[in-house]
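Every value quoted in this text rests on a predicted model; they were computed, and no experiment measured them. Just so we're on the same page: letters track the sequence lines, and every chain starts at 1. Values below: every heavy atom of this structure, side chains too, minus hydrogens, waters and symmetry copies.
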There are 2 protein chains.
Amino acid sequence: MKEDSRLAEIAALVGDPARANILTALLDGRALTAGELAYFAGVSPQTASGHLAKLTESRMLALHKQGRHRYYRLATPQVGRMIEGIMEVAIAAPERYRPASKVDPALRTARTCYDHFAGRLGVGLAEALGARGHLVLAEEAGEVTEAGIEFLSGFGLDLAEARRCRRAYCRPCLDWTERRPHLGGAIGAALAARCFALRWVERQRDSRALTITAAGRRGLDEVFGLRL
Amino acid sequence: MKEDSRLAEIAALVGDPARANILTALLDGRALTAGELAYFAGVSPQTASGHLAKLTESRMLALHKQGRHRYYRLATPQVGRMIEGIMEVAIAAPERYRPASKVDPALRTARTCYDHFAGRLGVGLAEALGARGHLVLAEEAGEVTEAGIEFLSGFGLDLAEARRCRRAYCRPCLDWTERRPHLGGAIGAALAARCFALRWVERQRDSRALTITAAGRRGLDEVFGLRL
DNA sequence: GCCACGCTTCGGTCGCGGCCGAAGCGTCGA
DNA sequence: TCGACGCTTCGGCCGCGACCGAAGCGTGGC
């Protein structure tokens, strides 16, 4: 019976709005300072400090000291997936606020989801690949077809490397603004990395939102037939 | 910024020990009455009633009325996966109580994890299949080999059916008592169902723990080379 | 029709925990 | 050496929510 007091403990930590804000701000894998996180959380620095101490003590965040700054980041990918798992349930919860209309439009268009693309960009890529028979996404699993392997390799992805690493190779990830799956897993991460390398997309300061560059707009249309 | 108030809301619901107990009691997919859940949660019926109302209102539980009983169950598989996701993070949290020694030994030996096997039984099966080259489990994904498909089909699993259903085909699931992965996904569920059908294992009343029958002990040894 | 039973609703108590102001600590730059 | 800065610690306030006793509601059995 005592077995899940730990469960409740962790969930309760995520269950405070300020801490939830902190965790989602870190969801894209970047490390942020205590001050930035206080701003994101909408609380005073001293309050945020307390929250950060708790999250670090529970091993959900990792701390890296640098000069007079303290950088916090998600301690493990599990933490990110846990948050996503809770979000999946949260979007199915009653629409006390209507779904996505209040969300920052930039965030709806394109953002990172831990290490891959989400928003209209992420969903669009997944559907473009699906429409051309390069990808099959089911509810809980996904598969890249032969044609897809050839296509993505041609686009510059190192699929052998992606296969090698110890994580889900190809995983659908339910998009909480679009309510349709986008592409996660090693393939999703590799695709995102390639787009960053090509400077098709760029991170925005203080946000998980992404900017699609002019080159990106052109490239996405030419290569994937995707217009946003 | 408002986007994740929903996240915090759901997490906070899980974050209460009584509600966490309720959710874990339902983790094996069975439906339980309000009274049973009150007992599991360790609170009075009227307190439990309040918790159940909140969980139902937030669409985490589904309610089925039958006579003067009210049966509650997890509303969707997502909820189960969310709980497992939180548990994964929870077992990595500091060992304020040492890991598994206080857990009911029966629960450590064999239990259900949503719809597949966990505990020494679950981990043992996964490792037995792995040792014989029937299964490859990485950190976040898994694969059944050609030989494994043949072997499991011979054991009576309908793999084509498992392939067909819209869920992860083969998924490692970190076991929180053994701290090693066991076999989840459609394959894990099919394997568990087959063992139930053979009456190798039986559910225990009031617990997720499983009893391995004499026939089960024999069969597991003969077919999988597994002794518990 | 009656009571027993399972469950929920209501009302009031109480404790945990989030919050901020003030003060303290370490780091950087001049 | 001094002050500005980033961050944490301390102390006290306050509100939310978990909790249970008592009462109410619907179902089933006799």
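When the C1' atom of D:dC25 is taken as reference, atom CZ of B:Arg70 falls 10 Å away, rounded to whole Å. Per the geometry, NZ belonging to A:Lys54 stands 12 Å off P belonging to D:dT9, to the nearest Å. If you take CD of A:Glu9 and P of C:dG17, they are 10 Å apart, rounded to a whole angstrom. The nearest whole Å value for the distance from the CG atom in A:Leu61 to the C1' atom in D:dC7 is 16 Å. When rounded to the nearest whole Å, the span between NE2 of B:His69 and P of C:dC7 equals 6 Å. Rounded to an integer number of Å, the gap from B:His64 NE2 to D:dT27 C1' is 15 Å. As rounded to whole Å, 14 Å separates atom C1' of C:dG17 from atom CG of A:Leu55. The CG-C1' distance, from A:Leu37 to D:dG6, rounds to 13 Å in whole Å.
Rounded to the nearest 0.5 angstrom, B:Arg73 CZ and B:Leu27 CG are separated by 14.5 Å.
Proximity of A:Tyr39 to the phosphate of D:dC7: no side-chain N or O atom is located under 4.0 Å from OP1 or OP2. In this model, the phosphate group of C:dG6 is not approached by any side-chain N or O of B:Thr33 to a distance below 4.0 Å at OP1 or OP2. For the pair B:Tyr72 and C:dT8, the criterion of a side-chain N or O lying under 4.0 Å from OP1 or OP2 is met.
For the residue pair B:Gln46/B:Ser49, the side-chain donor-acceptor check at 3.5 Å is not satisfied.
Among C:dC19, D:dA18, C:dG18, the nucleotide with an atom closest to any side-chain atom of B:Asp16 is D:dA18.
The side-chain heavy atoms of A:Arg203 and A:Thr112, taken from C-beta on, include a pair separated by under 4.5 Å. No side-chain heavy atom of A:Arg111 sits under 4.5 Å from any side-chain heavy atom of A:Phe117.
When the side-chain contact (heavy atoms from CB on, under 4.5 Å) test is applied to B:Thr47, the partners found at least two apart in sequence or on another chain are B:Val43, B:Ser44, B:His51.
When all heavy atoms are compared, the tightest approach of B:Pro45 to B:Ala38 is CA-CB, 4.0 Å. Listed here is the closest heavy atom pair of B:Leu32 and B:Ala25: CD1-O, 3.9 Å. Across all non-hydrogen atoms, the minimal contact from B:Ile10 to B:Ser58 is CD1-CB, 4.3 Å.
Below 30°, between 30° and 60°, or above 60°: for A:His182 and A:His116 the angle between ring planes is between 30° and 60°, a tilted geometry.
Remark: B:Pro45, B:Gln46, B:Ser49 in residues 44-53 of chain B come within less than 4.0 Å of DNA chain C through at least one heavy atom.
Rounded to 10°, the angle separating the first-five-pair axis and the last-five-pair axis of the helix from C:dG1-D:dC30 to C:dA30-D:dT1 equals 30°.
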